[in-house]
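The structure under discussion appears below in the form of structure tokens.
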Amino acid sequence: VLVMPGGGELGSRVEHALSAQAEGWGREVAGAAIELAGTGERLPAAADRALAAHGGPLLVIWPCLPRLRRQHASGALEDLSAGCDLVVGPLLDGGLYLLGLNRSLSHVLELFDRPPGDEDAVTRAARVALEDGLDIGLLRAERPLRCPADVRAVMVDPLTPREILEILGARD
């Protein structure tokens with residue numbers, strides 16, 4: 001598992017809690033086979049480093065979900081073991097929360113290492129699949145926790161972890 005740095009506009013306490021949750025999820029899923037990407041580290045370089053250190057499959061996670069579940073990992077790993085070259089976990093805002101791969105796909109990861117522009121992550125993945133003949137698995141779309149509108153949605157979600165709710169409640 002490779003944990004990429006988060007990014008949002010909610011403040012350091014929320015960012016820290018989401019990052020800690022992602023790291024804990026990664027340790028639960030992969031044990032010692034976890035890598036933390038450095039701030040400013042590019043996705044292709046970080047993924048290649050993680051693959052060199054631990055082999056594949058590799059799950060790349062961005063700490064932006066209020067609740068990571070074991071099913072996120074199992075769904076991606078099942079798709080990879082079934083022959084998918086790339087697994088995409090899309091966000092409702094057009095970004096990604098998870099990428100899965102078995103081998104280095106640096107040229108593909110370059111596409112996901114920049115703002116989406118006119119293409120969301122799923123559209124970008126579909127275009128890559130057509131151009132490169134890749135099989136792509138698609139996880140369910142999730143809502144990130146990045147902006148005030150996301151906070152309002154998370155505050156009424158009964159599945160939001162208590163720690164996240166307490167931090168968000170402290171902001172009011």
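The figures that follow rest on heavy atoms only: side chains count, while hydrogens, waters and symmetry mates do not. Keep in mind it's a predicted model, so treat the numbers as computed, not measured.
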Under the side chain to side chain contact (heavy atoms under 4.5 Å, CB included) test, residues paired with [X] that sit two or more places apart:
X	answer
E78	S74
P44	R42, S106, L109, E110, D113
A46	L2, M4, A37, E41, R49
A52	none

Taking C-beta and beyond as the side chain, do [X] and [Y] meet within less than 4.5 Å on heavy atoms?
X	Y	value
L91	W62	no
M155	T160	no
S19	V3	no

Which atom of [X] lies closest to which atom of [Y], heavy atoms considered:
X	Y	value
A76	V87	O-CG2, 3.7 Å
P66	V154	CG-CG2, 3.7 Å
R143	A149	NH2-O, 3.4 Å
V1	A30	CG2-CB, 3.7 Å
I167	A17	CD1-CB, 3.4 Å
I61	A22	CG2-CB, 4.5 Å

Flag yes if [X] and [Y] sit in one hydrophobic cluster, no otherwise; membership is Ile, Leu, Val, Met, Phe, Trp, Tyr, and two members link when side-chain heavy atoms are under 4.5 Å apart.
X	Y	value
L80	L98	yes
I34	L51	no
V29	L96	no

* With sequence neighbours left out, write down each residue that passes salt bridge (charged side-chain N to carboxylate O under 4.0 Å, His left out) with E23, or none if nothing qualifies. => R27
* By salt bridge (charged side-chain N to carboxylate O under 4.0 Å, His left out) - contacts of D79 (at least two apart) -> none
* Going by side-chain heavy atoms closer than 4.5 Å, which hydrophobic residues are tied to L92, directly or by a chain of links? -> none
* Structure fact -> Sorted by chain and residue number, the side-chain hydrogen bond (donor to acceptor under 3.5 Å, both in side chains) partners of N102 (sequence neighbours excluded) come out as none
* To do: Would you check, one step at a time, whether the test side-chain contact (heavy atoms from CB on, under 4.5 Å) holds for L99 with V88?
  => CA-CA 5 Å; L99 275 176; V88 177; 4.1 Å; yes
* To do: For Q21 and I164, indicate whether the former's side chain and the latter's backbone hold a donor-acceptor pair under 3.5 Å.
  => no
* To do: Could you tell me whether D85 and R103 have a side-chain N and a carboxylate O separated by less than 4.0 Å?
  => yes
Return the [atom1] to [atom2] distance between [X] and [Y], rounded to the nearest 0.5 Å.
X	Y	atom1	atom2	answer
S104	L58	OG	CG	10.0 Å
L65	L68	CG	CG	5.0 Å
C64	L145	SG	CG	8.5 Å

Let me have the donor-acceptor pairs involving side chains of residues 129-140, under 3.5 Å, with sequence neighbours excluded, atom names and distances please.
from	atom 1	to	atom 2	distance (Å)
D132	OD2	H107	NE2	2.7
R140	NE	E142	OE2	3.1

* Return each pair, listed once, that meets ring pair (Phe, Tyr, Trp, His ring centres under 6.0 Å) where at least one residue sits in residues 123-156; pairs must be two or more places apart or across chains. => none
* **Residue pairs, two or more places apart or on separate chains, that pass ring pair (Phe, Tyr, Trp, His ring centres under 6.0 Å) and touch residues 74-105** => H72-Y97
* Structure fact -> Sorted by chain and residue number, the ring pair (Phe, Tyr, Trp, His ring centres under 6.0 Å) partners of H54 (sequence neighbours excluded) come out as none
